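What follows is a short report on a single structure.
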There are 2 protein chains.
Amino acid sequence: MNMPIAEAAHGDKRETVPSGRGSTRERVERSLRYALLTGRFVPGRPVTLRGLAQDLGVSPMPVREALRSLAAEKALDIKPNGRVQVPTMTPERLAEILKARLMLEPELATRAAGSLELADARALKELDDAIDLSIDGGDAETYMRLNHAFHFHVYRAARSEVLLPLVESLWLQFAPFMRIVYGRVGTAVLEDHHKEAIAAVAEGNAEALRAAIAADILGGMKLLQDAGYEAIPDTYSTKD
Amino acid sequence: MNMPIAEAAHGDKRETVPSGRGSTRERVERSLRYALLTGRFVPGRPVTLRGLAQDLGVSPMPVREALRSLAAEKALDIKPNGRVQVPTMTPERLAEILKARLMLEPELATRAAGSLELADARALKELDDAIDLSIDGGDAETYMRLNHAFHFHVYRAARSEVLLPLVESLWLQFAPFMRIVYGRVGTAVLEDHHKEAIAAVAEGNAEALRAAIAADILGGMKLLQDAGYEAIPDTYSTKD
DNA sequence: CGCTGAAAAATGTGATCACGTAGCGTAGAA
DNA sequence: TTCTACGCTACGTGATCACATTTTTCAGCG
């Protein structure tokens, strides 16, 4: 049986299809993206067309296209028999993602530095405060949403049409796994480098921003590698 | 009216849907990928669902999914009104693609070096000989197909599940533009660094392979930047 | 109690259709 | 001749259906 996506992490419904604008497929895709990014989808869990369609109250058609889209970004895995599932993580894959992030995201940060103003520093500060709260409160889902917002507020300023989609694809790939790890080790152990990043944005210091982002990535991903595979060896084949 | 994809570059039919295995959608997607990579799709040209479906002799359904897939990889552009077209190139986009390629592909080459054997060096040599022939013959389409095969023979050896798809996406993005440039300046001006790469593979010299690939990318992309925007200023809005 | 095989349920796929909309050619008026 | 407005055409979207295949369930046998 297919579990409604809202029940992936816990039981509440939330808004599975943000009533925002756009076509049905667009709303479905946004909804799935959000679910992936906040870890509502558990790695290894099968995802069915009709199941999702029913959960979202639409026909299977827009779901098909949305899934195909996400699969093309490697956010979902379509097995040879057509079955769709959230990709499972392996140490090799994780190492590759880390490498790719370290190459692309600092570059994006550097390019963004020129466009970021004091208003952005303030917005980032606000986000970071909320992030700290979610860490203290142990709210992994909120943390992931805000952390994504923090990073992409910076990256978007680079006005990059090429690098940004690549990075977005990477985030979609490790997010579900990240959520699992946080669920086990808790969010308390999280230490980010957002403060340095904010300071760098305020100063307009591109090099410092690059360094802060790189350190932030390294810290976060190291946690995944250590906690994800040493403390919790059976993480990647999680069945609900 | 929608022009059959086989007539995008010239008039012959070729096999638009390689009769290979897999589902209809898979064949359609392979066909479109091939057309994109060999430059049969002209940047800016509108692509219609029904048109492609008729050209390929299938229903619009598998075409829809294939287009959605390619669009997610930024190989096609779906405008807000739903219209699909081959993305047009801009100097900024091209510069970004070059940057991304220079970050990702040499890394892939380094990782591949360990797995590449003498048999691979021989296979690459054969490919390169054919490439030289296609350059002399001015056959841009064949050149592009073989050049892609050459690079990805190397990259695939890295057994990368993360980096490789990112690079594939990049190739799909610049290939149509590349084809336009070759059509104008001819293939004679092409100078690659395949010989060095082959030698590096034969020696198992990872660092030399990385350098050869980096040089090859730099050379090819510089040509696009120079010839694509200085000699031919109106390239990116090409209407059939 | 465990294994096996058949029936049943569920899944992805591809096709067809209806609908609303955007693009475009054409005719009419200024 | 040029601009405008109307009507036609073609398009993407979403829904529904039929079909083949796979997965699951469960009853019967060993």
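This structure is a prediction, so every number in the text was calculated from the model and none was measured. A note on names: the letters A, B, ... follow the listed sequences, proteins ahead of strands, and every chain is numbered from 1.
At a threshold of 4.0 angstrom between heavy atoms, the contacts of Arg83(B) are confined to the sugar-phosphate backbone, with no base atom among them.
The residues Glu141(A) and Arg179(A) are annotated as not salt-bridged, no charged nitrogen and carboxylate oxygen being separated by less than 4.0 angstrom.
Within 3.5 Å, a donor on the side chain of Arg64(B) pairs with an acceptor on the base of dG14(D), or the reverse. No hydrogens or angles were tested; on distance alone, nothing pairs the side chain of Arg25(B) with the base of dG12(C) as donor and acceptor under 3.5 Å.
OP1 or OP2 of dT13(D) has not a single side-chain nitrogen or oxygen of Ser23(A) nearer than 4.0 Å. Between Ser59(B) and dT16(C) there is no side-chain polar atom (N or O) within less than 4.0 angstrom of OP1 or OP2.
Which of dG12(C), dT13(D), dA15(D) sits closest to the side chain of Arg50(B) comes down to dT13(D). Nearest to the side-chain atoms of Pro60(B) among the listed nucleotides dG14(C), dT16(C), dC11(D) stands dT16(C).
Residue-to-nucleotide proximity on DNA chain D shows that, of Glu65(A) and Asn81(A), the 5′-proximal contact is made by Glu65(A).
Closest approach of Ser134(A) and Thr142(A) over heavy atoms only: CB-CG2, 4.0 Å.
Taking atom CE on Met61(B) and atom P on dC17(C), their separation rounds to 12 Å, with Å as the unit. Atom CD1 in Ile78(A) sits roughly 9 Å away from atom P in dG12(C) (whole-Å rounding). For the pair Leu56(B) CG and dG14(C) C1', the computed distance is 14 Å after rounding to whole Å. Regarding Leu52(A), its CG atom lies at a distance of 15 Å from the C1' atom of dA10(C), rounded to whole Å. Taking atom CD of residue Glu26(A) and atom C1' of nucleotide dT13(D), one finds them 12 Å apart after rounding to whole Å. Atom CG in Leu49(A) sits about 12 Å away from atom P in dG14(C), given to the nearest Å. Between Gln54(B) atom CD and dA10(D) atom P there is a gap of 11 Å when expressed in whole angstrom units. Whole-Å rounding puts the Arg68(B) CZ to dG14(D) P distance at 8 Å.
Ring to ring, Phe152(B) and Tyr155(B) are close: their centroids are under 6.0 angstrom apart.
Screening Glu73(B), His148(B), Glu105(B) for a side-chain hydrogen bond (donor to acceptor under 3.5 Å, both in side chains) involving Trp171(B) leaves a single residue, Glu105(B).
The distance from atom CG of Leu146(B) to atom OG1 of Thr38(B), rounded to the nearest 0.5 Å, is 11.0 Å.
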